[in-house]
Chemist: 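Here it is: the structure, laid out below.
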Amino acid sequence: MNFLPLTPPGQAPLRVMTIAGSDSGGGAGIQADLRTFALLGVHGCVSVAAVTVQNSVGVKAFHEVPVDVVAGQIRAVAEDIGIQAAKTGMLASSEIIGAVADTWRDLYAEGLAPPLVVDPVCASMHGDPLLHPSALDAMRNELFPLATLVTPNLDEVLLITGIEVVDATTQRDAAKALHALGPKWALVKGGHLRSSSHSPDLLFDGTDFHEFDAERIDTPHDHGAGDTLAAATASALAHGYSVPDAVAFGKRWITECLRAAYPLGHGHGPVSALFRLAT
Ligand code: PXL
């Protein structure tokens, strides 16, 4: 596959920020995002929103970072280092979502807010909650309207819109419902449409639908897949790609990361951006 343009050594690469949770097992969350950023040649910056206690079997607990610290990390980096794109992942609570949204609105007014990919992480692949159910309203009403792109999986689509996606028609309905919440673009990922041998994702900007079909890689080791797709898409947006082109790039990247996924621990292993080192 073609990767993103690289910056010559000694010159500052583009900066992409992840506002998300830490995964002690290193497979998902901030650790997955930083791996993708590095292997795509962008400089990853971080606002840690939560710290999870987890391994390949499940999430045992999490600690929420105080809201002023989450907001402070974003502002400190945006003001000084500058960011060309950002993505959100696990945000845990309505208070944290509110702080991120407030900070983002302020940065926008100051001309410091780049494209924002909102991956509305609600639960781990084991079903362990990563977002308090009471925070769904904040996700819908505060963060979605600020997003360039939202990237829910089908479980998250159901929680956010109430629509159960079972086929192409309901996938379109869901894309319209998500877009109506305010993001510029909505991506409904079809990777969990288990009947399909393909992984059809649908992108909608309120007017046009774009379909992205990729080979479906059947692996139990898909921990961090959503994070990795959003991180690669944000990296392409930092390079000035259009949203459809950035999503197409992210989709190619996650397909290769899924192909390279490896077992770890006694449960589900992670997708692997490390394949890039062998290409
Ligand atoms: O893959 C979703 C995700 C995001 N962020 C953190 C996670 C997980 C899944 O477990 O732990 C911190």
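Order of appearance sets the numbers: ligands from 1, and atoms from 1 within every ligand. Positions are given from 1, in the same order as the sequence printed here.
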Chemist: Does Arg252 reach the main-chain N or O of Met1 with its side chain, forming a donor-acceptor pair under 3.5 Å?
Modeler: no

Chemist: Check this for me - ligand 1, Gln54, N or O atoms closer than 3.5 angstrom, yes or no?
Modeler: yes

Chemist: Suppose we measure from atom 5 (N) of ligand 1 to each protein heavy atom; which comes out shortest, and what is that distance?
Modeler: Gly29 CA, 3.4 Å

Chemist: Among Thr36, Asp33, Asp227, Asp119, exactly one meets side-chain hydrogen bond (donor to acceptor under 3.5 Å, both in side chains) together with Thr18. Which residue is that?
Modeler: Asp33

Chemist: Just to check, does His223 reach to within less than 4.0 Å of ligand 1 when the distance is taken from its heavy atoms?
Modeler: yes

Chemist: Counting each atom of ligand 1 from 1 as listed, which ones have a heavy atom of Gly21 under 4.0 Å away?
Modeler: 12 (C)

Chemist: At a non-hydrogen distance cut-off of under 4.0 Å, which region of Ser124 contacts ligand 1 (side chain, backbone, both, or neither)?
Modeler: both

Chemist: Name the closest protein heavy atom to atom 1 (O) of ligand 1, giving the residue it belongs to and the distance to 0.1 Å.
Modeler: Asp227 OD1, 2.7 Å

Chemist: Under a plain distance cut-off of 3.5 Å, with no hydrogens placed, do Thr170 and Asp167 share a side-chain donor-acceptor pair?
Modeler: yes

Chemist: Apply the side-chain contact (heavy atoms from CB on, under 4.5 Å) test between Ile74 and each candidate in Asp106, Val46, Thr103; give the one that qualifies.
Modeler: Thr103

Chemist: Is it true that Lys189 and Glu156 make a salt bridge, defined as a side-chain N closer than 4.0 Å to a carboxylate O?
Modeler: no

Chemist: What do we get for Leu130 next to ligand 1 when only non-hydrogen atoms under 4.0 Å count, side chain, backbone, both or neither?
Modeler: side chain

Chemist: Test the Arg276-Phe3 pair against the cation-pi criterion, namely NZ or CZ under 6.0 angstrom from the six-membered ring centroid and within 45° of the ring axis.
Modeler: yes

Chemist: Report yes if Thr52 has an N/O atom closer than 3.5 Å to an N/O atom of ligand 1; otherwise report no.
Modeler: no

